[in-house]
Amino acid sequence: MQMLKTAIEPLLEAALEEVGINNSHWKSMLAPSRELDQGDLSLPCFPFAKQLGQAPPAIAEAIAASIPAHEAIGEVNTVAGYLNIKASPIWLARTILSSPQTHGHLFGECQPTGRKILIEHTSANPNGPFHVGRARNAILGDSLVRLHRLFGNEVRAEYYVDDMGKQVGVLAWALANLSEEDVEATLKGRDGLNPKWKGKADHERVRWYQAAQVVRQERADKEAIEQEIGRMVHASEHGDQGVLDAFAAAYQPVLDGMLTTLARLGISFDTFTKESMFVTNGDVGRLMELFRTFEIHGTADNGAEFLDLGARGLKGKTEFFFRRGDGSSLYATRDIAYHMWKWQQCDDLINVLGEDHKLQAKQVGMTLTELEQKVPEVMFYSFIKLPEGKMSTRKGNVVFMDDLLEEAQAQAAAVVGALRPDYEQNQVDEIADAAGKSAVRFNIIKVSPEKGFTFRWEEALAFEGGSAPFIMYSHVRACSIVRRCQSEGVDIDGELAKANIELPESMPSGMVGLLRALAVHNDVLAKAVNDRRPHLFANHLLHLSNCFNSFYRDCMIVIDGEVNTINLQVSEVARRMMRTGMEGLGIVPIEHM
RNA sequence: GGGCGUGUAGCAUAGCUGGAUAAUGCGUUGGCCUCCUAAGCCGAAGAUCCCGGGUUCAAAUCCUGGCGCGCCCGCCA
């Protein structure tokens, strides 16, 4: 609760000086209380014991006695060596409400910072549909994008298109050389194409890719196939425009299909940058020449070149190869050129990467340092497993995001249909669509990225406490209060504009709890953004929604046609914060459900 | 073998820049709709915070040694 801390720090400083503490180490010790009923801020007094030669409880008492009355402080108490300070609910209400109409933007919507952030996420190889494993990157990345925007940063969301690797080469070869009959014969015995996705190129063309993977292993002329693919990949890496165009024709429809899936999740990108650009524009070639001048440059027997990052402290495998024996570049080399290009366009660079890229990212980072470039921030995430084990397209052990979204919507529709039998079908569909996709997203956002994650249908499709629909429902209740006011003829804008209303001496616990949750909202947003941990904000939003529900129970807004101004103002601030917060996580803030 | 990450009630998680009675949801269980949407609210039971050692007034949190799980250790992307 930064709000309270700022208000009382000078008081506390004076009180501590009176007791005999003159250094300012205590400022970092003054932290949010562990339990809400202890207080808002707590100061453990144990470290002062040695310095003052007194017992911690006595010190806490002495400090408490020296703190003068202040409008922000509701209560000061000491327990077992802790000094607990609770904000005055009236002060909280006054601060938060100080004209919600004019200052409402302060809550939930921050001022522009002027900072330009480039966030690269997803960047999946365009060779098949998203499964929930690959989608963790997109969901986390997009949430980070949205939270930065909510925070006030100027964000560009970027997809790096891998348009020249072996995977794309295989796809292009398969489309050119395998007939539909070949593909179906090769994949006989596996799951067929779900008729639902007929015509969606990511689902259709991945079968050519999968068939090619089999054919490359099993067909009699596999050496010739490998040579042909190798020739194309090689040509692409030397910037052969004809081959690159053929690759693009192969992957672009697949990429479009993948983006359709992401769009359904509310995920979109501002820019797409193709890997091949850095080969064709000469950046990669110049970079490789530059590396030759480095003192840590080395050459292998066949002419391949590397940087010896061991000399810079890298453990394990220390040779970082940037050029093959045949003179072509490697993925990592292009990635470095890409990063140098990105740095020209932003103040901060964030990459969202799977944990399998940690070593690679480390090598790229060290090389960028060698080039006197800044190192990007990286958000790593663990892979999503299925209860049966690792997700694998080859083994048919996958859950496609398209299927998950269909199932989520269907289940949400069943819930809405049962709970709201009077709703029209199109209204049910709209709610089910919003609830389904939000639940799927939230299920992934709410856990910390580095944690291993096992996908379970029953959890992805849970619509109760701890889920996106729980938050959506609280928001809907707040919206319904507005509708109620309108139907009662309440002048809402007028009510919100009222300032300096008399606040009741005692407030119901639901009100106090909500005020405290509101007071902490922007602190959590800042932390989630700065530490790249969206799940902190997700958990806060659950807490905020929960607090709103208790407030809803305790504080009626309209009774017998009479509106309670304070309650309405608090409800409206909460509604806006919930709405902007939901948008920050990609949860759809619908108004009915 | 080496590197990185992770291990918290039956299950899934939060807390990890050290601080009090370890928080939340699911599940189990007891209450609450003549009142702005019960996808809700209030209560109960349920924890050797993986194990051992260390640092400290204080360890789930930091250090160290084990064990389990995941990922990486390509002139692949």
Side-chain angles (χ1 to χ4, degrees), chain A residues 28-29 31 33-38 42-47 49-50 56 79-82 84 125 162 164-168 233 275 300 302-306 314-317 319 321-326 328 330-332 334-335 354-360 362 380 382-383 385 390 412 415-416 418-420 431 435 443 446-448 450-454 456 458-459 462-474 476-485 487-488 510 535-536 538-539 542-543 545-546 548-550 552-560 563 567-568 571 592-593:
Chain A
S28 62
M29 283 154 48
S33 306
R34 182 165 187 157
E35 303 298 328
L36 279 172
D37 50 354
Q38 288 162 350
S42 293
L43 183 69
C45 298
F46 307 93
K50 199 173 279 179
V79 182
Y82 289 87
N84 295 320
N125 276 314
D162 190 349
M164 54 186 301
K166 190 159 236 171
Q167 303 207 28
V168 181
V233 171
E275 189 179 340
N302 67 346
E305 298 173 51
F306 60 86
L314 185 68
K315 294 177 196 162
K317 191 201 172 247
E319 292 170 347
F321 279 90
F322 66 85
R323 187 180 337 230
R324 290 196 187 88
D326 68 6
S328 62
L330 285 127
Y331 173 82
R334 291 168 230 138
D335 203 23
E355 59 180 341
D356 56 334
H357 281 68
K358 277 186 181 174
L359 176 59
Q360 162 96 22
K362 177 87 181 156
F380 290 109
S382 289
F383 293 121
K385 298 176 301 226
K390 194 177 167 180
V415 172
V416 181
L419 257 30
R420 312 275 182 263
I431 294 166
N443 181 238
K446 73 175 177 184
V447 320
S448 45
E450 68 275 12
K451 200 108 162 183
F453 186 101
T454 302
R456 290 183 177 84
E458 63 272 27
E459 280 166 26
F463 299 143
E464 300 168 284
S467 72
F470 171 82
I471 297 168
M472 296 167 78
Y473 185 73
S474 300
V476 162
R477 280 178 144 180
C479 293
S480 128
I481 288 171
V482 174
R483 287 193 292 274
R484 176 71 194 274
C485 288
S487 75
E488 295 279 351
H535 74 282
L536 295 180
N539 282 296
L542 284 173
H543 175 65
S545 303
N546 189 225
F548 182 82
N549 286 332
S550 300
Y552 182 88
R553 172 204 63 201
D554 286 350
C555 304
M556 291 294 289
I557 277 92
V558 183
I559 303 172
D560 300 330
V563 67
N567 290 356
L568 177 60
S571 176
H592 297 266
M593 68 187 285

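These numbers come from the heavy atoms of this one structure, side chains and all, not from hydrogens, waters or symmetry mates. Values in this document were obtained by computation on a predicted structure and should not be read as measured data.
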When the [atom1] atoms of [M] and [N] are compared, how many Å lie between them, rounded to an integer?
{"N": "B/rU8", "M": "B/rG68", "atom1": "C1'", "value": "15 Å"}
{"N": "B/rC76", "M": "B/rA14", "atom1": "P", "value": "37 Å"}
{"N": "B/rG18", "M": "B/rC57", "atom1": "C1'", "value": "12 Å"}
{"N": "B/rA22", "M": "B/rU48", "atom1": "C1'", "value": "14 Å"}
{"N": "B/rG70", "M": "B/rG53", "atom1": "C1'", "value": "27 Å"}
{"N": "B/rC33", "M": "B/rC16", "atom1": "C1'", "value": "42 Å"}
{"N": "B/rC72", "M": "B/rC11", "atom1": "C1'", "value": "30 Å"}
{"N": "B/rC42", "M": "B/rC49", "atom1": "C1'", "value": "28 Å"}

Open item on the list: Both A/Ala300 and A/Phe463 contact RNA chain B. Which one's nearest nucleotide lies toward the 5' end?
Closed with: A/Phe463

TODO: Starting from the 5' end of RNA chain B, give me the residue, A/Val233 or A/His535, whose nearest nucleotide shows up first.
DONE: A/His535

At under 4.0 Å between heavy atoms, what does [X] touch on the DNA or RNA strands: base, sugar-phosphate, or nothing?
{"X": "A/Tyr552", "answer": "base"}
{"X": "A/Gln38", "answer": "base"}
{"X": "A/Val447", "answer": "sugar-phosphate"}
{"X": "A/Leu43", "answer": "nothing"}
{"X": "A/Met472", "answer": "nothing"}
{"X": "A/Ile559", "answer": "nothing"}
{"X": "A/Cys555", "answer": "base"}
{"X": "A/Asp560", "answer": "nothing"}
{"X": "A/Val482", "answer": "nothing"}

Whole-Å gap separating [atom2] ([N]) and [atom1] ([X]):
{"X": "A/Ile481", "N": "B/rC35", "atom1": "CD1", "atom2": "P", "value": "16 Å"}
{"X": "A/Leu536", "N": "B/rU13", "atom1": "CG", "atom2": "P", "value": "16 Å"}
{"X": "A/Asn567", "N": "B/rC35", "atom1": "CG", "atom2": "C1'", "value": "14 Å"}
{"X": "A/Asn539", "N": "B/rA12", "atom1": "CG", "atom2": "P", "value": "17 Å"}

Kindly point out which of [options] is positioned nearest to the side chain of [X]?
{"X": "A/Gln360", "options": "B/rA77, B/rA39, B/rC73", "answer": "B/rA77"}
{"X": "A/Phe321", "options": "B/rC71, B/rC75, B/rG40", "answer": "B/rC75"}
{"X": "A/Arg484", "options": "B/rA77, B/rC71, B/rC36", "answer": "B/rC36"}
{"X": "A/Met556", "options": "B/rG15, B/rC35, B/rA77", "answer": "B/rC35"}
{"X": "A/His357", "options": "B/rG15, B/rA77, B/rA39", "answer": "B/rA77"}
{"X": "A/Arg456", "options": "B/rA12, B/rC72, B/rC76", "answer": "B/rA12"}
{"X": "A/Leu359", "options": "B/rC75, B/rC73, B/rC36", "answer": "B/rC73"}
{"X": "A/Phe383", "options": "B/rC75, B/rA39, B/rC71", "answer": "B/rC71"}

Has [X] got a side-chain N or O lying under 4.0 Å from the OP1 or OP2 atom of [N]?
{"X": "A/Ser550", "N": "B/rC42", "result": "yes"}
{"X": "A/Lys451", "N": "B/rG7", "result": "yes"}
{"X": "A/Arg553", "N": "B/rG40", "result": "no"}
{"X": "A/Asn549", "N": "B/rC41", "result": "yes"}
{"X": "A/Arg420", "N": "B/rA39", "result": "yes"}
{"X": "A/Arg477", "N": "B/rA38", "result": "yes"}
{"X": "A/Ser448", "N": "B/rU13", "result": "no"}

Could you pull out all residues at least two apart from [X] that satisfy ring pair (Phe, Tyr, Trp, His ring centres under 6.0 Å)?
{"X": "A/Phe321", "answer": "A/Phe306"}
{"X": "A/Phe548", "answer": "A/Phe551"}
{"X": "A/Phe463", "answer": "none"}

Task: Partner set under side-chain contact (heavy atoms from CB on, under 4.5 Å) for A/Phe380, not counting sequence neighbours - done: A/Leu353, A/Lys358, A/Ala361, A/Val378

Got a sec, which residues hit side chain to side chain donor-acceptor pair (under 3.5 Å) with [X], two or more places apart in sequence or on another chain?
{"X": "A/Arg324", "value": "A/Glu237, A/Ser328"}
{"X": "A/Arg484", "value": "A/Glu488"}
{"X": "A/Ser571", "value": "none"}
{"X": "A/Asn549", "value": "A/Ser474, A/Arg477"}

Check: protein-nucleotides 2-4 of chain B nitrogen or oxygen pairs below 3.5 Å:
from	atom 1	to	atom 2	distance (Å)
B/rC4	O2'	A/Lys358	NZ	3.2

Task: Watson-Crick/G-U partner (both atom distances under 3.5 Å) of B/rA59 - done: none

TODO: Tell which nucleotide pairs with B/rC26, taking only Watson-Crick or G-U wobble pairs whose two distances are both under 3.5 angstrom.
DONE: B/rG10

Task: Contact letters for nucleotides 56-62 of chain B, in which S counts primed atoms plus P, OP1 and OP2 and B counts the base, heavy atoms under 4.0 Å - done: -B--B--

TODO: For residues A/Lys446 and A/Asn539, report the shortest heavy-atom separation together with the two atoms involved.
DONE: O-ND2, 3.6 Å

Task: Residues in salt bridge (charged side-chain N to carboxylate O under 4.0 Å, His left out) contact with A/Glu319, at least two apart in sequence or another chain - done: none

Could you check whether any side-chain heavy atom of [X] comes within less than 4.5 Å of a side-chain heavy atom of [Y], counting everything from C-beta outward?
{"X": "A/Leu359", "Y": "A/Lys317", "value": "no"}
{"X": "A/His535", "Y": "A/Lys451", "value": "no"}
{"X": "A/Lys385", "Y": "A/Thr454", "value": "yes"}

Open item on the list: Within 90° of 0 counts as syn, otherwise anti: where does B/rC33 fall?
Closed with: syn

Open item on the list: Between the base of B/rA77 and the side chain of A/Glu275, is there a donor and acceptor pair under 3.5 angstrom?
Closed with: no

Pairs under 3.5 angstrom, nitrogen or oxygen only, protein versus nucleotides 23-25 of chain B, please.
from	atom 1	to	atom 2	distance (Å)
B/rG25	O2'	A/Gly465	O	2.7

